[in-house]
Protein chains: 2
Amino acid sequence: MKAAKRKQLEASGWKVGSAAEFLELTDEEAAYIELKLNLAKRLKEARTKRRLTQKDLAVRIDSSQSRVAKMETGDPSVSLDLLIKSLLALGVSNNDIGKAITNNNSKAA
Amino acid sequence: MKAAKRKQLEASGWKVGSAAEFLELTDEEAAYIELKLNLAKRLKEARTKRRLTQKDLAVRIDSSQSRVAKMETGDPSVSLDLLIKSLLALGVSNNDIGKAITNNNSKAA
DNA sequence: TAAGAATATGTCAAATTCGACATATGCGCA
DNA sequence: TGCGCATATGTCGAATTTGACATATTCTTA
């Protein structure tokens with residue numbers, strides 16, 4: 001795994017105890033995190049495009065600002081369920097959600 | 001909402017108390033269910049293609065046959081997290097997961 | 001049709017994720 | 001600099017999802 005990706009993950013709330021521990025991520029775990037971060041990014045885009053604050057969105061989905069913040073940083077404590085339900089609440093279609101997952105900035109799939 | 005879709009949802013484990021209650025599904029709820037059923041379908045495809053039983057898959061993902069069955073029928077008690085982690089465990093890529101969500105058999109998005 | 005294998009359904013205590021709250025950090029701008 | 005607003009982080013009891021188990025149903029195939 002590349003250092004750049006590690007940085008991305010760390011910056012996104014994934015606590016990495018040690019380099020060794022980090023490198024023990026299986027492909028499956030890495031794919032899961034990547035998928036989650038793609039959705040997180042799409043959520044932030046959708047929200048800011050609509051000029052809503054995290055608090056605004058939180059009210060819409062009966063949640064809290066802190067949970068929205070965690071969603072957008074891909075915090076391990078948030079589920080894909082909540083992320084996807086939030087995207088739907090913002091009017092993002094299933095098609096666009098699928099595209100957000102498919103659109104990987106990385107080189108390989 | 002069309003009767004055909006209602007049938008599909010009922011056949012997939014979504015208990016519908018009454019027609020009236022059913023019709024109160026918001027677009028958002030309908031989209032969520034559709035997305036989940038798309039993943040459920042893809043999971044069953046991936047598993048059967050690999051000639052695994054539900055029990056086989058359950059062992060791989062440290063779960064149980066009954067939960068795999070619920071995943072494949074789109075049972076309300078299973079999260080998108082579990083569904084997606086199971087797909088990844090079968091070697092399905094993020095790209096293919098995105099496509100499974102995007103590939104809607106329905107007319108509109 | 002009978003028997004066995006695979007899948008589906010219902011329930012429950014344990015584990016995880018939730019919203020809420022407090023509080024910290026960042027980010028303009030007067 | 002200091003103030004106001006937006007976002008991030010840590011924690012907690014409540015709510016939801018979990019694997020496991022029992023059991024029912026469906027599918028094969030002999």
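Values below: all heavy atoms of this structure, side chains included; hydrogens, waters and symmetry mates excluded. Proteins come first, then strands; the chains are lettered A, B, ... in the order of their sequence lines, and each starts at number 1.
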Rounded off to whole Å, could you give me the [atom1]-to-[atom2] distance for the [X] and [N] pair?
{"X": "A:Asp81", "N": "C:dG19", "atom1": "CG", "atom2": "C1'", "answer": "16 Å"}
{"X": "B:Asp75", "N": "D:dA20", "atom1": "CG", "atom2": "P", "answer": "17 Å"}
{"X": "B:Glu72", "N": "D:dT26", "atom1": "CD", "atom2": "P", "answer": "17 Å"}
{"X": "B:Lys41", "N": "C:dT7", "atom1": "NZ", "atom2": "P", "answer": "18 Å"}
{"X": "B:Leu82", "N": "C:dT16", "atom1": "CG", "atom2": "C1'", "answer": "12 Å"}
{"X": "B:Met71", "N": "C:dA6", "atom1": "CE", "atom2": "P", "answer": "18 Å"}

Going by the rule side chain to side chain contact (heavy atoms under 4.5 Å, CB included), which residues pair with [X] if we only count those two or more places apart in sequence or in a different chain?
{"X": "B:Thr48", "value": "B:Lys44"}
{"X": "A:Ser79", "value": "A:Asp81, A:Leu82, B:Asp81"}
{"X": "B:Ala40", "value": "none"}

- So what does B:Ser77 hit on the nucleic acid, given a heavy-atom distance under 4.0 Å: a base, only sugar-phosphate, or nothing? base
- Classify the nucleic acid contact of B:Val68 as base, sugar-phosphate or nothing, counting any heavy atom under 4.0 Å across all strands shown. nothing
- Query: Considering residues at least two apart in sequence or located in another chain, which fulfil the salt bridge (Lys or Arg N to Asp or Glu O under 4.0 Å) criterion with B:Arg47?
  - Reply: B:Glu72
- Residues in salt bridge (Lys or Arg N to Asp or Glu O under 4.0 Å) contact with A:Glu45, at least two apart in sequence or another chain: A:Arg42
- Heavy-atom check, side chain of A:Val68 versus side chain of A:Met71, under 4.5 Å: yes
- Can you find a heavy atom in the side chain of A:Asn38 that is under 4.5 Å from one in the side chain of A:Ile101? no
- Query: Residues from residues 44-62 of chain A sitting under 4.0 Å of DNA chain C, heavy atoms only?
  - Reply: A:Asp62
- Partner residues of B:Ser66 under the side chain to side chain donor-acceptor pair (under 3.5 Å) criterion, sequence neighbours left out: B:Ser64
- Item | Relative orientation of the end axes in the helix from C:dT1-D:dA30 to C:dA30-D:dT1, expressed as an angle to the nearest 10° (five pairs per end) | 50°
- Message: Enumerate the salt bridge (charged side-chain N to carboxylate O under 4.0 Å, His left out) contacts for residues 84-96 of chain A, please, sequence neighbours excluded, ordered by first and then second residue.
- Response: A:Asp96-A:Lys99
- A:Ser63 side chain near C:dG19 phosphate (N/O to OP1/OP2, under 4.0 Å): yes
- Item | Closest to the A:Thr73 side chain, choosing from D:dT17, D:dA8, C:dT9 | D:dA8
- Message: From the set C:dT17, D:dT7, C:dA8, return the single nucleotide nearest to any side-chain atom of A:Ala69.
- Response: D:dT7
Acceptor/donor pairs from residues 55-62 of chain A side chains to any protein atom, 3.5 angstrom cut, sequence neighbours excluded:
| from | atom 1 | to | atom 2 | distance (Å) |
| --- | --- | --- | --- | --- |
| A:Asp56 | OD1 | A:Thr53 | OG1 | 3.4 |
| A:Asp56 | OD2 | A:Thr53 | N | 2.9 |
| A:Asp56 | OD2 | A:Thr53 | OG1 | 3.2 |

N/O contacts under 3.5 Å, protein versus nucleotides 21-27 of chain C?
| from | atom 1 | to | atom 2 | distance (Å) |
| --- | --- | --- | --- | --- |
| C:dC21 | N4 | A:Ser66 | OG | 2.5 |

- Query: Any side-chain donor-acceptor pair under 3.5 Å between A:Asn95 and A:Ser93?
  - Reply: no
